[in-house]
Structures are given as structure tokens and as C-alpha cells.
Amino acid sequence: MPLQLMDACSLFHGLTPEQCNLLQEMMKERKITAGEVIFEQGDPATSMYIVIHGMIAVRHKPYEEPWLDVAEIQEDGIFGWSAVLGHQRYTSSAIALVDSSLIAINGYQLRSLCLQRPDMGVILLERLATAIADLYQSTQLHIIRMLNNEMEYNEIDGGRRKAHD
């Protein structure tokens with residue numbers, strides 16, 4: 001993977017060339033077409049992804065409920081972090097909204113590297129925690145907007161659904 005792709009990712013800013021070389025060994029660039037499913041909720045969590053170009057929808061399906069779009073991940077955004085946190089399965093699905101270019105990082109290898117190289121591990125895990133916190137905040141706002149829209153719809157329509165909904 002070219003170093004200029006890594007330079008475009010805030011997760012890797014400030015790492016030494018040696019550290020970047022160690023990370024490159026566990027990365028693959030992936031080109032995804034609009035509508036393509038990257039992973040499904042419940043699939044084995046193997047890779048974390050960084051968006052180089054494009055937009056990805058993260059969707060979650062609660063038990064017996066319809067799918068919820070919980071986040072849209074754009075350039076420099078991270079998703080699929082369950083793989084790095086050691087979870088066995090993805091807790092959501094990820095689908096490309098437009099043609100996209102991603103970096104896929106093997107979660108097991110990244111966890112192992114963070115344990116072997118605590119100097120890198122601290123930097124990467126702090127940045128990952130920040131990215132997760134930002135996504136969580138964005139997800140909360142997205143869900144609040146959805147609920148507000150639903151409440152407004154029910155107030156206007158009296159809760160009656162039209163046949164085409």
C-alpha cells in the first residue's frame with residue numbers, strides 16, 4: 001500500500017516511517033461499488049476500515065425491528081472497529097452509498113502489534129477511541145433526528161400511515 005494513502009489518514013499522522021512500514025503489512029486497499037455490502041451484521045469481525053474516498057452507511061437491525069441507518073462514514077472515517085476491539089462479530093452492517101476506496105486493516109494483526117509495540121499501541125488506541133466517540137456522538141444525533149421526524153409525522157398525520165409507507 002502506498003505511503004501517501006496512509007498520509008491521508010489522521011489515524012497514522014505522526015507515526016515514524018518504521019511504524020508505518022509495520023502497519024502497511026496488515027493493510028489492503030479495497031475498491032467498493034455503490035450498493036456493495038462490505039460486511040453484514042453478525043459476520044465474523046476480521047477487519048477495520050478507513051474511508052479514503054466515498055461514503056459508507058452503517059446500519060443496525062435491533063431484534064424484530066426494521067433496519068436503522070445509524071451513521072454515514074465519510075473520508076478519513078473509521079468503521080468496523082469491532083475487529084480491533086476483539087469482538088467476534090460485527091454489531092452492524094456496512095454498505096457503500098457511492099463508489100468508495102477503503103483501507104482494510106486486519107484486526108487481529110493490529111491488536112497484536114499494539115501489544116508488541118506499546119509505543120504505537122497507545123497512539124493508535126487513543127486515536128481509535130476518539131474516532132469511536134465522535135461516531136457515537138454522530139449516531140446519537142442521527143437517531144434523535146429520526147425520532148423527531150417520526151414524532152412530527154405522527155403529530156401532523158395523527159399517527160395514521162398511508163398505504164404507500
Side-chain angles (χ1 to χ4, degrees), residues 1-62 68-145:
M1 162 168 304
L3 281 174
Q4 57 266 42
L5 282 181
M6 289 182 74
D7 288 342
C9 301
S10 60
L11 183 66
F12 308 124
H13 288 175
L15 295 179
T16 67
E18 179 218 359
Q19 291 170 328
C20 289
N21 286 335
L22 290 171
L23 287 167
Q24 277 187 305
E25 295 173 13
M26 60 189 74
M27 296 181 183
K28 292 180 184 165
E29 185 176 5
R30 285 189 60 190
K31 303 285 186 188
I32 307 294
T33 58
E36 187 174 339
V37 175
I38 300 150
F39 56 80
E40 294 276 4
Q41 182 173 323
D43 282 352
T46 56
S47 296
M48 178 180 79
Y49 297 88
I50 301 170
V51 179
I52 299 301
H53 174 74
M55 186 180 300
I56 307 299
V58 176
R59 296 179 175 156
H60 180 76
K61 184 171 186 348
L68 296 172
D69 285 351
V70 294
E72 289 182 353
I73 312 297
Q74 299 180 23
E75 197 169 297
D76 198 36
I78 298 171
F79 66 99
W81 37 267
S82 292
V84 176
L85 299 180
H87 297 282
Q88 297 297 311
R89 306 235 171 244
Y90 291 114
T91 58
S92 298
S93 296
I95 298 101
L97 295 176
V98 298
D99 291 350
S100 301
S101 182
L102 311 173
I103 294 175
I105 304 172
N106 182 290
Y108 175 79
Q109 290 176 337
L110 184 57
R111 279 193 320 277
S112 296
L113 180 64
C114 288
L115 292 172
Q116 294 167 7
R117 296 284 307 266
D119 57 321
M120 285 180 66
V122 167
I123 294 168
L124 293 173
L125 292 177
E126 282 179 355
R127 290 180 183 167
L128 184 57
T130 299
I132 291 169
D134 290 346
L135 179 62
Y136 178 71
Q137 183 177 7
S138 170
T139 299
Q140 280 184 312
L141 294 173
H142 186 76
I143 290 171
I144 288 169
R145 264 185 264 138

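- Counting heavy atoms from C-beta outward, M120 and L113 have side chains that approach closer than 4.5 Å.
- In this structure, the side chains of I38 and L102 come closer than 4.5 Å at one or more pairs of heavy atoms.
- Atom CE of residue M26 and atom CD of residue Q24 lie 10.5 Å apart, to the nearest 0.5 angstrom.
- No side-chain heavy atom of E75 sits less than 4.5 Å from a side-chain heavy atom of I52.
- From D99, atom CG reaches atom NZ of K31 across 10.0 Å, with rounding to the nearest 0.5 Å.
- Ion pairing of E18 with R117 is present here, as a side-chain N (NZ or NE/NH1/NH2) and a carboxylate O approach within less than 4.0 Å.
- Contact detail for L125 and C114: the closest heavy-atom pair is CG-SG, 4.4 Å.
- Looking only at side-chain heavy atoms (C-beta outward), I56 and L97 stay at 4.5 Å or farther from each other.
- Using a 4.5 Å cut-off on side-chain heavy atoms (C-beta onward), E29 and I103 make no contact.
- In this structure, V58 and D69 have side chains that are not in contact, with every pair of non-hydrogen atoms separated by 4.5 Å or more.
- T33 places no side-chain N or O within 3.5 Å of a backbone atom of E36 that could act as its donor or acceptor partner.
- P44 places a side-chain heavy atom less than 4.5 Å from the side chain of R89.
- Here the CD-NZ distance, from E40 to K61, works out to 12.0 Å after rounding to the nearest 0.5 Å.
- The two atoms that bring F12 and M27 nearest to each other are CZ-CE, 3.1 Å, heavy atoms only.
- For S47 and N106, the side-chain atoms include no donor-acceptor pair closer than 3.5 Å.
- Nearest approach of A45 to H87, heavy atoms of both residues: CB-O, 3.5 Å.
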- Could you walk me through whether L124 and L110 pass the side-chain contact (heavy atoms from CB on, under 4.5 Å) test, one step at a time? CA-CA 9 Å; L124 293 173; L110 184 57; 3.9 Å; yes
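- Side-chain contact of S112 with Q109: a donor-acceptor pair under 3.5 Å is absent, judged by distance alone.
- When all heavy atoms of Q41 and S93 are compared, the closest pair comes out as N-OG, 2.7 Å.
- Closest heavy-atom contact between V98 and M55: CG2-N, 3.4 Å.
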- For Y49 and F39, what are the C-alpha separation, side-chain angles and deciding distance, and is it a side-chain contact (heavy atoms from CB on, under 4.5 Å)? CA-CA 11 Å; Y49 297 88; F39 56 80; 3.8 Å; yes
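- With hydrogens and angles ignored, the 3.5 Å screen pairs no side-chain donor or acceptor of D76 with any backbone N or O of I50.
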- Could you go step by step and tell me if Y90 and T46 meet the side-chain contact (heavy atoms from CB on, under 4.5 Å) rule? CA-CA 9 Å; Y90 291 114; T46 56; 4.0 Å; yes
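- The main-chain N or O of H53 is never found under 3.5 Å from a side-chain atom of S101 such that the two would form a donor-acceptor pair.
- Across all their heavy atoms, R127 and L11 have their closest contact at NH1-O, 2.9 Å.
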- Steps toward side-chain contact (heavy atoms from CB on, under 4.5 Å) verdict (L15, I123): CA-CA 9 Å; L15 295 179; I123 294 168; 4.1 Å; yes
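- Contact annotation: the side chain of L128 approaches that of I78 to within less than 4.5 Å [non-hydrogen atoms, C-beta and beyond].
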